[in-house]
Trainee: 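Input: one structure, supplied below.
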Amino acid sequence: MATGTEPHPTGGVRSSTRAAIDAPHLRTDRWWLAPAVTAAGLLAFIVYSTWRAFADADYYAAPYVSPFYSPCLAERCEPMRGGPNWEILGGWWGISPAIIILIFPLGFRLTCYYYRKAYYRGFWASPPACAVAEPHKKYTGETRFPLVLQNIHRYFFYAAIVVAGILTYDTVLAFRDEHYAWGHMGLGTLVFLVNIVLIWAYTISCHSCRHIVGGKLRHFSKHPVRYRMWQWAGKLNARHMQLAWASLVSVALADFYVYLVASGAFDDPRFF
């Protein structure tokens, strides 16, 4: 055989179970471009969200509240009339209240099946691309710490449902003006509407959601409602990657829009 299967003196991808090819791979296309773009996109969001989370300022401009700071669980939060001021932690919390909330949506995204693939390839090169060997000598998957914690994704899904519900409430409140009068709509309202639609679409397209609504059923015919829900979740699941990126961008844009308005850099245009 041209490639042979003779044992290679080194371990890992050069073990005796792999084809004895001297080249690391035989791909001639720009296979590195996709993981590089993925890493750049995720890194950009990490830098931006970290900055905004620790900024502890310019996150509320009536009637808009940044999704990074909702709900606000500390006394030190800016008072938001009718908004998500839940002073559960009292006055002892001394740093940015966003640190508390971001744990849940970020935990949901970090353990998401698509995002695992994205950052495994983009940051850990495990593997960097199809038919490109990973540089690691040993692969243990998600059976050891810390990657074994990925299995708590289903529980972060429940938290994500709660967070999406709260952001829906914030979107309803966005139909007020700066004096809290109802029946108004600004550009920020539209930004919030687009964001919450994408947030719900991404959340419902989750693999865990699809399993919850349609898993462990022997006969779909005996559960027509769950079967229909499973079909809907399946259609969204087919677009899970696109929804993951779209919702990631939209939540950052929603926060940035609030920042611009709250800092006085931009006046929220009113439609009615």
Side-chain angles (χ1 to χ4, degrees), residues 1-51 105-154 156-157 160 198-199 201-211 215 231 233-253:
M1 294 178 64
T3 59
T5 56
E6 295 81 5
H8 198 278
T10 59
V13 297
R14 299 303 186 187
S15 65
S16 59
T17 59
R18 301 294 183 98
I21 302 174
D22 291 332
H25 60 80
L26 300 179
R27 294 185 63 166
T28 58
D29 61 325
R30 292 186 292 179
W31 59 267
W32 50 266
L33 184 60
V37 171
T38 297
L42 292 178
L43 184 61
F45 181 81
I46 291 171
V47 172
Y48 174 79
S49 60
T50 301
W51 165 61
L106 288 180
F108 177 60
R109 287 182 182 267
L110 285 174
T111 58
C112 163
Y113 288 103
Y114 167 69
Y115 280 113
R116 295 185 205 181
K117 170 187 172 182
Y119 61 73
Y120 283 179
R121 289 189 170 188
F123 291 102
W124 294 350
S126 180
C130 293
V132 177
E134 59 184 87
H136 311 287
K137 292 183 177 181
K138 190 176 182 181
Y139 176 74
T140 59
E142 297 172 348
T143 61
R144 296 182 181 180
F145 183 84
L147 296 186
V148 69
L149 296 178
Q150 301 280 27
N151 294 307
I152 65 176
H153 175 63
R154 68 191 71 180
F156 274 120
F157 168 74
L198 291 174
I199 289 292
Y202 166 65
T203 304
I204 296 175
S205 70
C206 169
H207 295 76
S208 292
C209 177
R210 190 167 181 262
H211 176 73
Q231 286 183 312
K235 291 180 180 179
L236 286 175
N237 183 260
R239 299 289 184 267
H240 195 51
M241 178 185 73
Q242 294 89 335
L243 291 171
W245 281 105
S247 61
L248 192 73
V249 172
S250 71
V251 73
L253 287 177

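Note: hydrogens, waters and symmetry copies are ignored here, and every other heavy atom, side chains too, is used.
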Trainee: Roughly how far, to the nearest 0.5 Å, is SG of C206 from NE2 of H153?
Mentor: 3.0 Å

Trainee: Report yes if the distance between the aromatic ring centroids of H240 and Y114 is under 6.0 Å, otherwise no.
Mentor: no

Trainee: Flag yes if more than 12 heavy atoms outside R239 fall under 6.0 Å of its CZ atom; otherwise flag no.
Mentor: no

Trainee: Looking just at side-chain N and O atoms, do Y120 and E142 make a donor-acceptor pair shorter than 3.5 Å?
Mentor: yes

Trainee: Carefully, step by step, assess W245 and L198 under the rule side-chain contact (heavy atoms from CB on, under 4.5 Å).
Mentor: CA-CA 10 Å; W245 281 105; L198 291 174; over 6 Å; no

Trainee: What's the spacing between S49 OG and L106 CG if we round to 0.5 Å?
Mentor: 6.0 Å

Trainee: Find out whether the Lys NZ or Arg CZ of R154 is both under 6.0 angstrom from the six-membered ring centre of F157 and within 45° of the ring's axis.
Mentor: no

Trainee: Can you see which heavy atom on P127 is nearest to which on V132, and at what distance?
Mentor: CB-O, 3.7 Å

Trainee: Assess whether side-chain contact (heavy atoms from CB on, under 4.5 Å) is satisfied between Y115 and L42, documenting all intermediate values.
Mentor: CA-CA 9 Å; Y115 280 113; L42 292 178; 3.9 Å; yes

Trainee: What is the minimum heavy-atom distance between A125 and P135, and which atoms define it?
Mentor: O-CD, 3.2 Å

Trainee: Hey, would you say the F108 and Y202 ring centroids sit under 6.0 Å apart?
Mentor: yes

Trainee: About how many Å separate CD1 of I199 and CD1 of I204, when rounded to the nearest 0.5 Å?
Mentor: 11.5 Å

Trainee: Could you measure the distance from the CZ atom of R116 to the CZ atom of R109? Nearest 0.5 Å is fine.
Mentor: 15.0 Å

Trainee: Does some side-chain heavy atom of W124 sit less than 4.5 Å from a side-chain heavy atom of L147?
Mentor: yes

Trainee: Could you check if a side-chain atom of N237 sits within less than 4.5 angstrom of a side-chain atom of Y113, using non-hydrogen atoms only?
Mentor: no

Trainee: Distance-only, no hydrogens or angles: does the R121 side chain make a donor-acceptor pair with backbone N or O of T38 under 3.5 Å?
Mentor: no

Trainee: Tell me the closest heavy-atom pair linking G122 and A39, and the distance in Å.
Mentor: O-CB, 3.6 Å

Trainee: Which value, rounded to the nearest 0.5 Å, describes the distance between L110 atom CG and F156 atom CZ?
Mentor: 8.0 Å

Trainee: When rounded to the nearest 0.5 angstrom, what distance separates CG in N151 from OG1 in T111?
Mentor: 9.5 Å

